[in-house]
Amino acid sequence: MFLAIKRITQNPPPTKKRILEYSSMAAASTSSSSRLAFRHHQQLAPYSGSHPQTPGSVSFLSGSHSFSFKSLETTRRSQFSRISVTVKAESRSEEMQLDISLSPRVNAVKPSKTVAITDQATALAQAGVPVIRLAAGEPDFDTPAVIAEAGIKAIHEGYTRYTPNAGALELRVAICQKLKEENGISYTPDQILVSNGAKQSIYQAMLAVCSPGDEVIIPAPFWVSYPEMARLADATPVILPTSISENFLLDPKLLESKLTGKSRLLILCSPSNPTGSVYSKKLLEEIARIVAKHPRLLVLSDEIYEHIIYAPATHVSFASLPGMWERTLTVNGFSKAFAMTGWRLGYIAGPKHFVAACNKIQSQLTSGASSISQKAGVAALGLGYAGGEAVSTMVKAFRERRDFLIKSFGEMEGVRMSEPQGAFYLFIDVSSYYGTEAEGFGKIEDSDSLCRYLLDEAQVALVPGVAFGDDSCIRISYAASLTTLQAAVERIKNALLPLKSAVLV
């Protein structure tokens, strides 16, 4: 038997050196069960204008026979490539070629850096490395007992079957009541779609309203998934930068200058991930006046952090503004405020025409959200206004942690910040450290290398700002105990101390 892996590439770009390692196990026999082990190591050299051929090793164990093969050609591609596997039996001249390439749509999407860093930090912790994990956007509190008990009760009472695709009527009615009482916006149950988390709600909204070539307007810094979701929906993300001096809030004049006939969706996230910035009613009204001039422009208002807000800041739902209900898709969920990240429960509210389209997409993707989680969601909304005491207790702890970090990093040279008014993130400007040399590590060139340095030297996992569209910053999640944050700050200070003398303040 002969096997060759060949990647045919057009326009190969310059590449960094990388080592790819992967292994897989599969059944590979038509007459009996066989074990197939595949391990391939390859080093990609910088592109020099030709198509380099890089040897690799492949080994198979199948029954009592062993075979070894050699990859014929491996080259990296920029946009489109065709990858084929050729299998040929030595005793026959027959040959089969299998195309294992991926779609251009998938190849254009970047993996989530927050998920990748969180997974890396978790793996290090499981291996015994004392890593402090401040990368994930996940509350460190347990789900409130009343909510958890509602989920357990649902299991015991056999509420474990499919619900309607749009969500249980009981939950949609409760969501309508919450939106009217807390947000000042009125909906009927058929204008609510419950999904497996707010992330699914946002993606389905983009799929429902965006056509190829449409533009999705995204203020930066942004949540890492917005641009990638736009690309998956065949839309073009248009990034509008903001500044730390303006608290990372969108400038209405910049927005107005960038809107075109292709502008289809404006995404607003308040309180913001990753900055914690909160849009005031006055600023939202300015944005609304601009939006009203563009008949094709819709607004997706991501309000997942609405209850995690620090007075005197207040939350305003964009759909509550005059003339904005008809063109606003409001997304919310239970993960952040109610510490229900693993329950996977979110929802979208909007005009029936748009919500019905999202409902149709969901019916072909996942169907309804977990019946158990939906019962827990009903209990969560029954805790009282803004989540009642259970949520206010968590918000009080978040504020204490925020205040500690503001004070601690405010005392460090070379660090700039905007005080977050909501959520549980601190997005600090550390660009003054770029260009410095770290002994045993090398040059700190950007937010990515600084975060790698802090993971190596301080064993603290943070997220580089480049993942959020602002390479001058890094994101620190303070969804961790005050004791943990105190230890993390001490480690970060000690790691930055050797760089201090090179910083120009």
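- Salt bridge Asp448/Arg452: present, at least one basic N to carboxylate O contact under 4.0 Å.
- A heavy-atom distance below 4.5 Å is found between the side chains of Ser225 and Lys199.
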**Message:** side chain to side chain contact (heavy atoms under 4.5 Å, CB included) for Asn273 and Asp302? Distances and angles first, verdict last.
**Reply:** CA-CA 10 Å; Asn273 173 10; Asp302 184 349; over 6 Å; no
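- For the residue pair Ser363 and Ser367, the shortest heavy atom distance occurs at O-OG, 4.0 Å.
- The two residues Leu300 and Ala205 make their nearest non-hydrogen contact at CD1-CB, 3.8 Å.
- Figure legend: Arg402 and Tyr310 shown as a cation-pi pair, the cationic atom lying under 6.0 angstrom from the six-membered ring centre and within 45 degrees of its axis.
- Remark: the Thr483 side chain and the Ser481 side chain contain no N/O donor-acceptor pair separated by less than 3.5 Å.
- The CD1 atom of Ile476 sits 8.5 Å away from atom CE of Met417, with the distance rounded to the nearest 0.5 Å.
- With Tyr425 as the partner, the ring-ring contact (aromatic ring centres under 6.0 Å, His included) test is satisfied by one option alone out of Tyr305, Phe248, Tyr478, Phe398: Tyr305.
- Trp325 places a side-chain N or O within donor-acceptor distance of the main-chain N or O of Ser186, the cut-off being under 3.5 Å.
- Here the closest heavy-atom approach between residue Cys176 and residue Thr188 is recorded as SG-C, 3.5 Å.
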**Request:** Could you walk me through whether Tyr434 and Asp471 pass side chain to side chain donor-acceptor pair (under 3.5 Å), step by step?
**Result:** CA-CA 10 Å; Tyr434 300 170; Asp471 195 31; 4.6 Å; no
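- Other residues, nucleotides and ligands place more than 12 heavy atoms under 6.0 Å from the CD atom of Glu326.
- Remark: Glu411 CD is packed, more than 12 non-hydrogen atoms of other residues, nucleotides or ligands lying under 6.0 Å away.
- Atom CG of Leu232 is separated from atom SG of Cys210 by 11.5 Å, given to the nearest 0.5 angstrom.
- Nearest heavy-atom pair across Ile474 and Cys451 is CG2-SG, 3.6 Å.
- Here the rule is side chain to side chain contact (heavy atoms under 4.5 Å, CB included) with Leu405, and of Leu482, Ile428, Leu426, Leu134 only Leu426 fits it.
- Note on Asp190 versus Arg172: no salt bridge recorded, every NZ/NE/NH1/NH2 to OD/OE distance being 4.0 Å or above.
- Note that OG1 of Thr260 is 6.5 Å distant from CD1 of Ile217, once rounded to the nearest 0.5 Å.
- In this structure, the side chain of Arg296 engages the main chain of Gly261 through a donor-acceptor pair within 3.5 Å.
- Counting only N and O atoms by type, the side chains of Asp446 and Ser449 include a donor and acceptor under 3.5 Å apart.
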**Prompt:** Can Val299 and Ile287 be said to form a side chain to side chain contact (heavy atoms under 4.5 Å, CB included), step by step?
**Reply:** CA-CA 10 Å; Val299 176; Ile287 293 172; over 6 Å; no
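- Heavy-atom minimum distance, Ser418 versus Asn247: OG-OD1, 2.8 Å.
- You'll find the side chain of Met324 stays beyond 4.5 Å of the side chain of Leu284, heavy atoms only.
- In terms of modelled atom types and a separation under 3.5 Å, the side chain of Glu228 and the main chain of Val109 share no donor-acceptor contact.
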**Request:** Under the side chain to side chain contact (heavy atoms under 4.5 Å, CB included) rule, what do Phe427 and Phe468 come out as? Steps first, then yes or no, please.
**Result:** CA-CA 10 Å; Phe427 202 62; Phe468 306 100; 3.8 Å; yes
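- A salt bridge does not link Arg289 with Glu286: every distance from a Lys NZ or Arg NE/NH1/NH2 to an Asp or Glu carboxylate oxygen is 4.0 Å or more.
- In this structure, the side chain of Arg231 does not engage the main chain of Pro237 through any donor-acceptor pair within 3.5 Å.
- In this structure, Ser270 OG and Leu250 CG are separated by 11.5 Å, a value rounded to the nearest 0.5 Å.
- The closest donor-acceptor contact from the side chain of Gln204 to the backbone of Ile361 lies at 3.5 Å or more, if one exists at all.
- For the pair Gln191 (side chain) and Tyr187 (backbone), a donor-acceptor distance under 3.5 Å is absent.
- Judged by distance alone, the side chains of Thr328 and Thr330 never bring a donor and an acceptor atom under 3.5 Å apart.
- Looking only at side-chain heavy atoms (C-beta outward), Phe222 and Pro227 come within less than 4.5 Å of each other.
- None of Val278, Leu321, Leu283 except one satisfies the side chain to side chain contact (heavy atoms under 4.5 Å, CB included) rule with Val316; the exception is Leu321.
- Lys336 places a side-chain heavy atom less than 4.5 Å from the side chain of Phe424.
- Atom CZ of Arg416 has 12 or fewer heavy atoms from other residues, nucleotides or ligands within 6.0 Å.
- Judged purely by atom type and a 3.5 angstrom limit, Ser447 uses its side chain to pair as donor or acceptor with the backbone of Val466.
- No salt bridge links Lys153 with Glu149; every basic N to acidic carboxylate O contact stays at or beyond 4.0 Å.
- For the residue pair His307 / Glu182, a side-chain donor-acceptor distance below 3.5 Å is found, with atom types taken as modelled.
- Side-chain atoms of Asp251 come within 3.5 Å of backbone N or O of Lys253 as a donor-acceptor pair.
- Atoms CD and CG, on Glu170 and Leu381 in that order, are 10.0 Å from each other to the nearest 0.5 Å.
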**Request:** Please step through side chain to side chain contact (heavy atoms under 4.5 Å, CB included) for the pair Phe338 and Thr143, ending with a clear verdict.
**Result:** CA-CA 6 Å; Phe338 298 103; Thr143 301; 5.9 Å; no
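- Ile406 places a side-chain heavy atom less than 4.5 Å from the side chain of Pro420.
- Closest approach of Pro189 and Val173 over heavy atoms only: CG-CG2, 3.9 Å.
- Side chains of Glu306 and Asn183: a donor-acceptor N/O pair is present below 3.5 angstrom, by distance only.
- Using a 4.5 Å heavy-atom threshold, the side chains of Thr160 and Ile372 count as touching.
- In this structure, Ile309 and Val395 have side chains that are not in contact, with every pair of non-hydrogen atoms separated by 4.5 Å or more.
- The side-chain heavy atoms of Asp214 and Leu265, taken from C-beta on, include no pair separated by under 4.5 Å.
- No donor-acceptor distance shorter than 3.5 angstrom exists from the side chain of Gln421 to the backbone of Ala313, with no hydrogens or angles considered.
- To the nearest 0.5 Å, atoms CD1 (Ile304) and CD1 (Ile202) are separated by 8.0 Å.
- Remark: the backbone N or O of Thr163 is not paired with any side-chain donor or acceptor of Ser371 at under 3.5 angstrom.
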